[in-house]
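Okay, structure first, notes after.
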Amino acid sequence: QSMSAMFVGTSGTGLIVNNATDGIQTAYGNGIRVTNSSNLTIDGVDLSYNGARRSGSGVYLDGTNNALTIRNVNTDKRSLGLRIGDAGQDLVVTGNQLTNNDIGLYVFGLTDGADANTSAFTGSNNRFTGSRDAISLQNMSAPLLIGNSDVAGVAFAIDPSSDLTSTYGVAINLSTVSNVTVDGVD
C-alpha cells in the first residue's frame with residue numbers, strides 16, 4: 001500500500017510494534033512489507049524469524065520508495081534481511097542487525113535524490129554476522145563509496161564490527177552497477 005510520512009517503531013507516533021508480543025517472529029513470510037512509500041522510517045523493531053530455517057524478509061520494500069530510513073532493526077534468520085528496491089531514492093540504513101540471513105542487505109534500482117549527498121544510499125554500524133551473503137547491490141548507477149569509516153567521503157561504512165568476515169558466501173555482490181567504489185574494507 002502507498003504511504004507517505006510514516007513511522008514504524010517501538011515507541012512514538014505511528015505504527016507501534018511491541019517486539020515481545022507482536023508475533024512477527026513467527027511470520028513465515030515478510031515481517032513488514034511496504035509498496036510505494038516516501039518519508040518512511042522503520043526504527044527499533046525485531047523482525048527476526050524463530051522457525052526452523054530462514055524464511056521471508058524482515059523488511060520488504062517494493063515499487064518506488066523515496067527518503068527511507070531503516071535503523072536499529074533486527075532481522076535474524078530471514079531469507080532477505082532488508083530487501084529495498086525496484087526504484088527509489090535516498091535510503092539510510094544504520095545500526096541494523098542483519099544476521100544469519102541468506103542475504104543481509106539487498107538493494108535494487110535506487111538512485112540519488114534531493115538529499116545533501118550524491119549517493120543512492122548511506123549507512124553505517126550495520127552487522128552481518130553469519131549471513132551467507134552480506135550485501136547485494138543490483139541495477140544502480142548513482143555514485144557510491146563503500147569503505148571503512150576512515151575513508152574520506154564514504155557513503156556506506158563497513159568497519160570490522162560489521163563482521164563481513166563471518167559471511168560464508170559473498171561479502172559484497174555488485175551486479176549491473178556502475179560508479180561504485182569499494183575502499184578499505186577487510
Short side-chain to backbone donor-acceptor contact, [X] and [Y], under 3.5 Å:
{"X": "Asp90", "Y": "Gly113", "value": "yes"}
{"X": "Asn96", "Y": "Asn72", "value": "yes"}
{"X": "Asn19", "Y": "Val45", "value": "no"}

If the condition is salt bridge (charged side-chain N to carboxylate O under 4.0 Å, His left out), which residues does Asp62 pass it with, not counting sequence neighbours? Arg33
Sequence-distant partners of Asp86, salt bridge (charged side-chain N to carboxylate O under 4.0 Å, His left out), two or more places apart: Arg83
Residues in side chain to side chain donor-acceptor pair (under 3.5 Å) with [X], at least two apart?
{"X": "Asp115", "value": "Asn117"}
{"X": "Asp102", "value": "Arg54"}
{"X": "Asn18", "value": "Thr21"}
{"X": "Thr75", "value": "Asn101"}

I'd like a table of donor-acceptor pairs (distance under 3.5 Å, sequence neighbours excluded) in which one partner is a side-chain atom from residues 5-16, with atom names and distances.
none

For side-chain contact (heavy atoms from CB on, under 4.5 Å), just list the numbers for Val93 and Val107, CA-CA rounded to whole Å, side-chain angles, deciding distance to a tenth of an Å, and then say yes or no. CA-CA 11 Å; Val93 179; Val107 180; 5.9 Å; no
Cluster companions of Ile103 among Ile, Leu, Val, Met, Phe, Trp, Tyr (side-chain spacing under 4.5 Å): Leu80, Tyr106, Phe108
Which residues, ordered by chain and number, are linked to Tyr60 in its hydrophobic cluster, where ILVMFWY side chains connect at heavy-atom gaps below 4.5 Å, directly or through other members? none
Result block: side-chain N/O donor-acceptor pairs under 3.5 angstrom for residues 155-164, not counting sequence neighbours:
unit_1: Asp159; atom_1: OD1; unit_2: Ser149; atom_2: N; d: 3.0
unit_1: Asp159; atom_1: OD1; unit_2: Ser149; atom_2: OG; d: 3.3
unit_1: Asp159; atom_1: OD2; unit_2: Ser149; atom_2: OG; d: 3.1
unit_1: Ser162; atom_1: OG; unit_2: Asn126; atom_2: O; d: 3.1
unit_1: Ser162; atom_1: OG; unit_2: Asp159; atom_2: N; d: 3.4
unit_1: Ser162; atom_1: OG; unit_2: Asp159; atom_2: O; d: 3.2
unit_1: Asp163; atom_1: OD2; unit_2: Thr129; atom_2: OG1; d: 2.8
unit_1: Asp163; atom_1: OD2; unit_2: Ser166; atom_2: OG; d: 3.4

Please list, one pair per line, the donor and acceptor atoms closer than 3.5 Å that link side chains of residues 172-186 to other protein atoms, with sequence neighbours excluded.
unit_1: Asn173; atom_1: ND2; unit_2: Ser136; atom_2: OG; d: 3.3
unit_1: Asn179; atom_1: ND2; unit_2: Ser141; atom_2: O; d: 2.8

Sequence neighbours excluded - ring pair (Phe, Tyr, Trp, His ring centres under 6.0 Å) pairs with any residue from residues 128-155: none
